[in-house]
Amino acid sequence: MSTITDTLRSNWAVMISGTGSNLSALLDLDPVLSVGLVISDKKNAYGLSRARRRGIPTYHFENNDWDDLQNQLKRYLIDYIFLAGFMKICPENFLKNWSGRIFNVHPSLLPTYPGLKSIERSFNDKAPMGVTIHEVTPAVDKGLILLQRKIVSTDTLESSEFQIHISEHRVVRRVFECYKK
Ligand code: GAR
């Protein structure tokens, strides 16, 4: 039976490619949050198991079939999309359906260190490190920045990675709380 809180929730799709620790951080937010669909381009992504354990529908995105993905998003009445470690680049044709409604978490202080291996590259350069939540636009990692959090620099790559992940989990939750209906 649905409750008033249910109708007040936004319905999110979370797109992943791997572990899904950010997805997990989001799922721990209930009842503020409603994740209506988890999508992965990797059939065996651990994040899919996390979703299934909670009874959330999952969809394996394959063959770069962005039209089918769009149909699934419609079918599940999705309001917003969050890319939480989704490693494919979304094409412009797909993004035009989601303008202002699709966000990404990135492990650097954008605009510095866009793209891949951002943690490693910023650590090696001894540059300021942190995380960014931004809108997804056709220009990769260049969309409007919603939130950034700097981490305290550490001596090892491993501990910096750890701090980045902890910080990511905090900021993704903040963004979801801001976008609840
Ligand atoms: C996160 O660190 C996220 O910032 C990064 O992938 C990781 C996914 O971890 N995303 C990117 O690098 C996107 N360019 P998770 O699967 O444990 O959430």
Side-chain angles (χ1 to χ4, degrees), residues 12-30 33 35-54 56 58-61 64 66 69 80-92 94-95 98 101-125 127-154 156-177 179:
W12 289 79
V14 179
M15 296 178 64
I16 59 168
S17 294
T19 318
S21 68
N22 281 292
L23 168 67
S24 215
L26 290 172
L27 296 179
D28 289 344
L29 259 188
D30 260 351
L33 164 77
V35 175
L37 184 63
V38 172
I39 297 155
S40 172
D41 60 317
K42 300 267 174 13
K43 201 173 181 173
N44 298 319
Y46 182 58
L48 287 176
S49 315
R50 295 184 196 261
R52 289 191 196 111
R53 273 204 297 278
R54 299 201 185 218
I56 297 169
T58 59
Y59 167 71
H60 177 215
F61 170 63
N64 275 332
W66 294 92
L69 174 61
Y80 295 104
I81 302 175
F82 200 92
L83 308 186
F86 183 69
M87 301 311 276
K88 274 186 181 290
I89 292 174
C90 302
E92 195 163 354
F94 173 78
L95 290 176
W98 294 97
R101 296 188 297 141
I102 179 165
F103 311 98
N104 180 44
V105 55
H106 185 81
S108 78
L109 295 168
L110 292 174
T112 60
Y113 302 98
L116 299 175
K117 296 195 183 294
S118 310
I119 304 178
E120 201 177 316
R121 289 186 290 127
S122 50
F123 178 82
N124 289 340
D125 290 352
M129 298 177 77
V131 306
T132 302
I133 307 278
H134 66 95
E135 284 187 16
V136 180
T137 57
V140 176
D141 293 336
K142 292 216 166 87
L144 179 72
I145 291 175
L146 302 181
L147 193 58
Q148 287 190 306
R149 183 80 45 88
K150 202 171 166 181
I151 64 155
V152 180
S153 58
T154 61
T156 66
L157 177 59
E158 291 69 29
S159 61
S160 295
E161 278 170 345
F162 181 75
Q163 280 208 52
I164 292 270
H165 293 310
I166 298 291
S167 185
E168 283 185 336
H169 300 166
R170 290 197 185 119
V171 296
V172 295
R173 288 182 182 141
R174 280 277 302 279
V175 169
F176 267 66
E177 284 167 339
Y179 276 80

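Whatever order the structure lists them in is the order used to number ligands and atoms, beginning at 1. What you are looking at is a predicted structure, and each value in this text was computed from that prediction instead of being measured.
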Identity and separation of the nearest protein heavy atom to atom 13 (C) of ligand 1: Met87 SD, 3.9 Å
Atom indices of ligand 1 within 4.0 angstrom of His165 heavy atoms, with elements: 2 (O)
Closest approach of any protein heavy atom to atom 12 (O) of ligand 1, naming residue and atom: Pro107 CD, 3.5 Å
Ligand 1 N/O within reach of Asp141 N/O, cut-off under 3.5 Å: no
Arg149 side chain to Ser167 side chain, donor-acceptor N/O pair below 3.5 angstrom: no
Under 3.5 Å side-chain donor-acceptor pair for His165 and Ser21: no
Exam field: side chain Arg121 to backbone Pro114, donor-acceptor pair closer than 3.5 Å: yes
Plane angle bin for Trp66 and Phe86 - parallel if under 30°, tilted between 30 and 60°, otherwise perpendicular: perpendicular
Selected option - heavy-atom contact closest to atom 16 (O) of ligand 1, from Gly18, Gly20, Gly85: Gly20
Atom indices of ligand 1, in the order listed, that fall short of 4.0 Å to a heavy atom of Thr19: 16 (O), 17 (O)
Reported CD1-to-NE2 distance for the pair Ile119 and His106, which is rounded to 0.5 angstrom: 8.5 Å
Backbone or side-chain N or O of Asn22 under 3.5 Å from ligand 1 N or O: yes
Ser122 side chain vs Ala127 backbone, donor-acceptor pair below 3.5 Å: no
Review item, side-chain donor-acceptor pairs of residues 128-140, under 3.5 Å, at least two apart:
residue: Thr132; atom: OG1; partner: Ser108; partner atom: O; Å: 2.6
residue: Thr132; atom: OG1; partner: Leu110; partner atom: N; Å: 3.1
residue: Thr132; atom: OG1; partner: Gln148; partner atom: NE2; Å: 2.8
residue: His134; atom: NE2; partner: Asn104; partner atom: ND2; Å: 3.0
residue: Thr137; atom: OG1; partner: Ala139; partner atom: O; Å: 3.2

Identity and separation of the nearest protein heavy atom to atom 14 (N) of ligand 1: His106 ND1, 3.3 Å
Proximal atoms of ligand 1 relative to Val105 (non-hydrogen, under 4.0 Å): 3 (C), 4 (O), 10 (N)
Identity and distance of the protein heavy atom lying nearest atom 17 (O) of ligand 1: Ser21 OG, 2.6 Å
Spacing of NZ belonging to Lys43 relative to CG belonging to Leu48, to within rounding of 0.5 Å: 10.5 Å
Ile16 near ligand 1 by a heavy-atom separation under 4.0 Å: no
Nearest protein heavy atom with distance in Å, relative to atom 3 (C) of ligand 1: Glu168 OE2, 3.3 Å
